[in-house]
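Here the structure is laid out as structure tokens; the discussion comes afterwards.
Residue numbers begin at 1 in each chain, while the letters A, B, ... track the order of the sequences.
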Amino acid sequence: MADEWAETPERLSVADRLLAEALIVDVDGFEGPLDLLLTLSRTQKVDLRKISVLQLAEQYLVFVSKAGALRIELAADYLVMAAWLAYLKSRLLLPPDPTEDGPSAEDLAAHLAYQLERLQAMREAAAQLMARDQKGRDFFARGLPEDVTRRKKISYSATLMDLMQAYARIRTRDDFRPFVMDRNNVFTMEEALERLRGLMGYAGQWTDLTSWLPAGWETTPERRRSATAAHFAAILELTKAGHLEVRQGENFAPIQVRKRDGGRG
Amino acid sequence: MNDNDSLFAAPPQAEQERMVEAVLFASADPLTLAELTTRLPHGCDAAEALVTLRRRYSGRGVHVVKVGDAYAFRTAPDLGHLMHKEQVEARKLSRAAIETLAIVAYHQPVTRAEIEEIRGVAVSRGTVDQLIELEWVRFGRRRMTPGRPVTFVVTEQFLDHFSLESARDLPGLKELRAAGLLDNRPSFAPTSAQDDGEDESPEGQSELFED
Amino acid sequence: MNDNDSLFAAPPQAEQERMVEAVLFASADPLTLAELTTRLPHGCDAAEALVTLRRRYSGRGVHVVKVGDAYAFRTAPDLGHLMHKEQVEARKLSRAAIETLAIVAYHQPVTRAEIEEIRGVAVSRGTVDQLIELEWVRFGRRRMTPGRPVTFVVTEQFLDHFSLESARDLPGLKELRAAGLLDNRPSFAPTSAQDDGEDESPEGQSELFED
């Protein structure tokens, strides 16, 4: 036994040996059939390129039957692999069937060996990668980065035309004021603001906007609309100024208002 | 292994300087001499390493500076401008701001109360502040009336921006009307909805509210 | 004022080097040549400044490293032992995650099905999510094969973390390629990757993007 071990270029590590001994009971330790096959292949103690797939298939099938004897539930993919390896084994042992299509048994075996070699190579590559100098462990970035402060410079644009139009808009209102005849059904926002400034002290609780409308303005639809719009606009102003809070449960739900705690009024 | 070596001999001076350089660079906070010393292998002279390191960086793009009794790397003060990124964002002036500006331009010197009277709505402090910050409006003389209210006037920068020789060059109402600017149909912003309605026929109003 | 000057002449070479030094020193993340150029005054040649800067810092406690197309100051790896305080407790990556990361790095751009084919087991979404969250892996282009599967590639942060100038500098890459171990050979053996075909169905993919 000892001689045989001495001959092999790569002696199994203690961990590998323990792993091999644990095979029959510990299936969870493997990440699927390929991982198990890779572990089994180590017991052949040869270069993965020279591995005997036939022998490997035997080992795997022994493992699966042992697991069965021990009443260990094997996941379906282990059993699928077992069936495939049994098939591969039979094809490797029998002379090739000239009528059969597809890859030869040797091709299949070679590919399995390739898969194992590739998995092993990726594992080694992963180990090499993790062994590299890592940021935050072996080398470090500036601990006190002086971040670029983004100064947002907002440039406001307004043209002379904007200015004149704005002025025209204001003055037009004045010009036309005397000619407005029918103001009976118009409730202005100033009026609403005036009213609300007086009323809002009482609005400690959420109150429907509609209940704030002045008497005599809820009678005709026209007057109600104007008063509602004016009060609504006034409430927005007062909310903006921080005196009130407004809420609405959903679209078209009643608009509710209350005095803001610690409001500036 | 390095730690074992250091029990017997401190690293050479140049190596100590490298170490201080790396530790200062990676540290999130400025480090005191005492802290540096505990971070370096036994027998190192952090103070001396700092002296040579500071000398090495003098005149460079970053300096070793003393912050209280601690040390840290900092951008050279003359390169501070590289640490800012200016983003210019063009925005349209709000309607309230442009109206207020127009009133100041046409009526200067004008008080806040007068602006509010002309606009028909309260003028928020933010609006005036914005115009002052833009350097288009500044404080004028106080009005010699009760309460001595401050007045607002437009600035040179304002004239400059709008390419005006003086505020008196602003077209008058007649000219605005001649130019067709007074026939503009007002838009229905909430703050002026009720006033805007005035030059509309009653049909126009109900149209407005039935929308 | 400086900006005005720069309209007329770029700063002298030594000054440009100082500027690149300051900007690079200030940033924790690597900066590309393009990013450096936008930060420098007009007419500066960041590439040339970098050459002299890298030379100046070679062998120092901190040095300039190249990460993809970007550059950064990093402490010299041999001084890592001095930085206990800065060492961040790395999140323990599972074996599946480490292997998946290596496969993405060496085989990129690689599809989930290919990763599963190599590992011989299904790759859980959590594993890929973790790598994406670490910003070490990101989506690449879709593969122009039936089902147009998404591919995964490694990121610049990955290169930065493992101090790689580019993915071509991965350890052992040449040998693996020479040995044909990075080829994409079709498989015959039953690995669970094939059972997992659903994951690569069009539905699976759109789900990935709708998240």
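- Only the side chain of L93(C) comes within contact range of chain A, judged by heavy atoms closer than 4.5 Å.
- Separation of atoms CZ (R118(A)) and CZ (R119(C)) is listed at 12.5 Å; rounding is to 0.5 Å.
- The 12-atom threshold is exceeded at CZ of R247(A), counting heavy atoms of other residues, nucleotides or ligands nearer than 6.0 Å.
- Looking only at distances, no side-chain donor or acceptor of Y106(C) sits under 3.5 Å from a matching main-chain atom of A126(A).
- Note on I103(C), D160(C), T100(C), L182(C): by heavy-atom pairs under 4.5 Å with chain A, the leading option is D160(C).
- Heavy atoms closer than 4.5 Å to chain A are found in the backbone of F73(C), but not in its side chain.
- Of the listed residues A102(C), S163(C), G80(C), the one with more heavy-atom pairs under 4.5 angstrom with chain A than any other is S163(C).
- Note: L129(A) CG to L164(C) CG = 7.0 Å, rounded to the nearest 0.5 Å.
- Not a single donor-acceptor pair under 3.5 Å links the side chain of T75(C) to the backbone N or O of F139(A).
- Here the CG-CD distance, from L119(A) to E99(C), works out to 6.0 Å after rounding to the nearest 0.5 Å.
- Heavy-atom minimum distance, D133(A) versus P77(C): OD2-CB, 3.0 Å.
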Worksheet item: Hey, mind stepping through L181(C) and Y114(A) against side-chain contact (heavy atoms from CB on, under 4.5 Å) and telling me if it holds?
Response: CA-CA 8 Å; L181(C) 290 169; Y114(A) 170 75; 3.9 Å; yes
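- With a threshold of 4.5 angstrom between heavy atoms, A76(C) approaches chain A through N, CA, C or O but not through any side-chain atom.
- Here the shortest heavy-atom pairing between A141(A) and R74(C) reads CB-NH1, 3.1 Å.
- No part of A72(C) comes within reach of chain A, as not one of its non-hydrogen atoms sits under 4.5 angstrom from that chain.
- Heavy atoms of R132(A) lying under 4.5 Å from chain C belong exclusively to its side chain.
- For CG of D208(A), the number of neighbouring non-hydrogen atoms (other residues, nucleotides, ligands) closer than 6.0 Å is greater than 12.
- Here the CD1-CE distance, from I118(C) to M122(A), works out to 6.5 Å after rounding to the nearest 0.5 Å.
- Between E175(C) atom CD and E124(A) atom CD the span is 12.0 Å, to the nearest 0.5 Å.
- Around the OH atom of Y60(A), the shell of radius 6.0 Å holds more than 12 heavy atoms that belong to other residues, nucleotides or ligands.
- In this structure, NZ on K135(A) lies 8.0 Å from NE2 on H161(C), to the nearest 0.5 angstrom.
- Between the side chain of R142(A) and the main chain of A28(C), no donor-acceptor pair closer than 3.5 Å is present.
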